[in-house]
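Sequential numbering from 1 along the given sequence is applied to the chain's residues.
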Amino acid sequence: MSDNDLSWGKFEYGELLETWPRGGDGEPEAPAFLTHCSCVDMDDELTVSMLDSFGIPCVRQYGSSAKVVLGMSAMGADIYVPKSLLADARALLEGDSEGDAQDNEQL
């Protein structure tokens with residue numbers, strides 16, 4: 001996917017255009033690849049929901065048209081976020097392994 005391949009339309013993305021950051025020229029910021037998720041175990045839905053809960057807009061690009069026919073894509077989905085929020089999104093996906101380890105020790 002090239003940096004400017006997204007089709008920006010409110011009918012397709014709802015509030016995404018309103019929440020996506022804009023560059024100095026007023027145009028939507030270029031998307032950056034975050035991760036590839038499986039659609040079989042709803043990994044993509046969980047990732048998108050987590051990003052949304054932290055205020056990071058994202059776009060999914062499915063690997064095939066099976067999503068339309070079957071409701072899921074066996075090829076998975078690529079998730080893109082604004083370039084300026086890529087580091088934050090990666091940090092969320094990686095989690096705080098040190099903090100997680102401390103939480104587990106307390107249990």
Side-chain angles (χ1 to χ4, degrees):
M1 177 175 186
S2 72
D3 286 347
N4 297 319
D5 269 353
L6 296 177
S7 170
W8 297 100
K10 290 186 86 163
F11 67 94
E12 186 173 355
Y13 295 106
E15 295 179 11
L16 181 61
L17 184 57
E18 294 172 11
T19 60
W20 197 274
R22 297 185 178 273
D25 60 357
E27 290 296 314
E29 193 174 298
F33 176 78
L34 175 63
T35 189
H36 180 81
C37 292
S38 165
C39 294
V40 177
D41 58 0
M42 298 204 41
D43 196 26
D44 64 321
E45 293 291 339
L46 293 171
T47 302
V48 167
S49 293
M50 181 182 63
L51 292 170
D52 185 49
S53 70
F54 283 94
I56 299 176
C58 62
V59 174
R60 280 179 278 192
Q61 182 179 25
Y62 294 98
S64 71
S65 60
K67 171 75 174 162
V68 175
V69 177
L70 302 173
M72 66 175 214
S73 172
M75 297 182 74
D78 292 334
I79 298 180
Y80 294 84
V81 297
K83 280 187 176 181
S84 63
L85 298 173
L86 181 60
D88 293 337
R90 283 187 178 155
L92 285 172
L93 289 185
E94 291 170 4
D96 181 9
S97 59
E98 189 174 301
D100 293 341
Q102 290 173 358
D103 291 342
N104 289 336
E105 287 175 10
Q106 291 176 355
L107 296 176

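Scanning all heavy atoms of the two residues, the minimum distance from Leu16 to Pro57 falls at CD1-CB, 3.6 Å. Considering every non-hydrogen atom in both Arg22 and Gly26, the closest pair reads NH1-O, 3.0 Å.
Applying the ring pair (Phe, Tyr, Trp, His ring centres under 6.0 Å) test to pairs two or more places apart or on separate chains, those with a residue in residues 23-50 are Phe33-Tyr80. Contacts classified as side-chain hydrogen bond (donor to acceptor under 3.5 Å, both in side chains) and involving residues 84-93 (residues at least two apart or in different chains) are given here: Glu29-Ser84.
The distance from the CG atom of Asp44 to the CD atom of Gln61 is 13.0 Å, given to the nearest 0.5 Å. How far CD1 of Ile56 is from OG1 of Thr19: 11.0 Å, rounded to the nearest 0.5 Å.
Here the rule is side chain to side chain contact (heavy atoms under 4.5 Å, CB included) with Leu34, and of Leu51, Val59, Asp78 only Leu51 fits it. Here the options are Val48, Leu46, Thr47, Leu93, the test is side chain to side chain contact (heavy atoms under 4.5 Å, CB included), and the partner is Cys37; only Thr47 passes.
The shortest distance between side-chain heavy atoms of Pro28 and Leu17 falls below 4.5 Å.
Hydrophobic clustering (side-chain heavy atoms under 4.5 Å, transitive across Ile, Leu, Val, Met, Phe, Trp, Tyr) keeps Phe54 apart from Trp20.
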